[in-house]
Amino acid sequence: MSVDATGAATGAARVNPNAPTEETVLAVEHYTDRLFRFRITRPRSFRFRSGEFVMIGLPKEDGRPLLRAYSVASPAWDEELEFYSIKVPDGPLTSRLCHIQPGDKVLLGKKPTGTLVLDALLPGKRLYMFSTGTGFAPFASLVRDPETYERYDEVIVTHTCREVAELTYSRNLVADLVNDPLVGEMVEGKLRLYTSCTREPHDHQGRITDLIESGKLFEDLGVTPLDPATDRGMICGSMEMIQDTKALMIKAGLTEGSNASPAEFVIEKAFAG
Ligand code: A2P
């Protein structure tokens with residue numbers, strides 16, 4: 001008898017088809033003492049839509065896996081998988097995951113899913129992606145997907161963090177996109193990143209909710225306020241941020257969509273643990 005990756009006892013003939021696969025860490029980059037990204041191998045059979053999340057983990061000492069949901073930060077076409085993670089000093093998974101090095105193994109779930117996907121939105125002209133903290137991760141996937149630019153005339157990503165250093169990942173990623181062989185030409189004039197900080201001086205200051213409510217976001221961007229006829233929204237951040245931003249979408253006349261029933265905005269919690 002052996003033990004499979006779910007910790008369940010298996011006979012040789014009873015391999016769990018849903019058990020996570022073991023993947024190899026290819027690269028790790030640390031941004032602050034709270035944030036890092038890592039890239040891993042992608043099995044040929046692993047299919048997902050840009051913006052979805054999947055379970056990622058490490059085996060525990062007793063052999064059972066410790067898994068948490070992570071948004072895939074790389075686009076669906078990429079041969080590797082990228083993840084953007086918080087480090088929680090006493091977090092069961094991230095306190096260990098933050099020490100991974102190239103060559104190490106991590107577990108990858110087999111069932112990516114989620115609502116921050118282009119198919120959950122009705123067609124529109126301008127797509128907003130509102131994020132705080134590691135909530136930027138699914139948008140790191142979507143801004144690298146050509147389909148995003150095929151569907152929208154304008155793509156505006158907002159990223160709000162406490163401190164300027166926490167914006168490094170999003171700022172570098174978007175700045176480098178103009179040189180991307182696949183989407184480089186598509187992003188020019190279409191994609192804009194709007195960053196704000198809440199606890200340190202920065203070009204833009206304050207919570208995204210306050211910037212929407214006061215109209216300052218739209219003034220700064222030189223666009224008309226939210227309009228359900230043209231604008232679509234995706235929201236990813238803490239539970240509170242989602243609820244507060246969602247309330248502003250509803251106030252502007254947008255309705256929440258899902259995979260089964262596409263509409264004008266969609267939400268997903270930023271995962272941590
Ligand atoms: P603030 O500094 O005012 O709390 P965190 O690091 O706690 O996940 O927060 C990431 C960013 O999200 C911070 O800039 C934080 O602002 C902001 N934030 C926290 N709660 C909300 C909320 N309810 N609505 C909008 N932004 C929020």
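As the structure lists them, so they are numbered: ligands from 1, and atoms in each ligand from 1. Along the sequence shown, residues are numbered consecutively beginning with 1. All values below come from the heavy atoms of this structure, side chains included, with hydrogens, waters and symmetry mates left out. Note that the structure is a prediction, hence the values are computed from the model and not measured.
For ligand 1, the atoms closer than 4.0 angstrom to any heavy atom of D244 are 22 (C), 23 (N), 24 (N). Heavy-atom proximity to T209, at under 4.0 Å, picks out these atoms of ligand 1: 24 (N), 25 (C). Within ligand 1, counting atoms from 1 as listed, the ones closer than 4.0 Å to a heavy atom of T160 are 11 (C), 14 (O). Annotation for ligand 1: atoms under 4.0 Å from non-hydrogen atoms of E240 are 23 (N). The ligand atoms of ligand 1 that sit less than 4.0 angstrom from a heavy atom of R199 are 1 (P), 2 (O), 4 (O).
For the atom pair L127 CG and Y152 OH, the distance stands at 5.0 Å (nearest 0.5 Å). We find the CG-CG distance between L107 and L58 to be 6.5 Å, quoted to the nearest 0.5 Å. Annotation: the span from H159 atom NE2 to S170 atom OG amounts to 5.0 Å, rounded to 0.5 Å.
Taking a 4.0 Å cut-off on heavy atoms, C161 registers as neighbouring ligand 1. At least one heavy atom of R34 sits closer than 4.0 Å to an atom of ligand 1.
Using a cutoff of 4.0 Å between basic side-chain nitrogens and carboxylate oxygens, K246 and E256 are scored as salt-bridged. One finds a salt bridge joining R37 and E29 here, because a Lys/Arg side-chain nitrogen approaches an Asp/Glu carboxylate oxygen to under 4.0 Å. The residues D176 and R171 are annotated as not salt-bridged, no charged nitrogen and carboxylate oxygen being separated by less than 4.0 angstrom.
Listed for the Y169 side chain is no donor-acceptor partner under 3.5 Å among the backbone atoms of F136.
In E80, the CD atom is crowded: over 12 heavy atoms of neighbouring residues, nucleotides or ligands sit closer than 6.0 Å.
Distances from atom 21 (C) of ligand 1 to the heavy atoms of E200, R162, R207, H159 show the closest one on R207.
Checked by distance only, ligand 1 and E166 stay at 3.5 Å or farther apart across all their nitrogen or oxygen atoms.
Given atom 10 (C) of ligand 1, the protein heavy atom at minimum distance is T132 CB, 4.0 Å. The nearest protein atom to atom 16 (O) of ligand 1, hydrogens excluded, is given as T198 OG1, 3.3 Å; this is a heavy-atom distance.
Counting only heavy atoms, the protein gets under 4.0 Å from atom 14 (O) of ligand 1.
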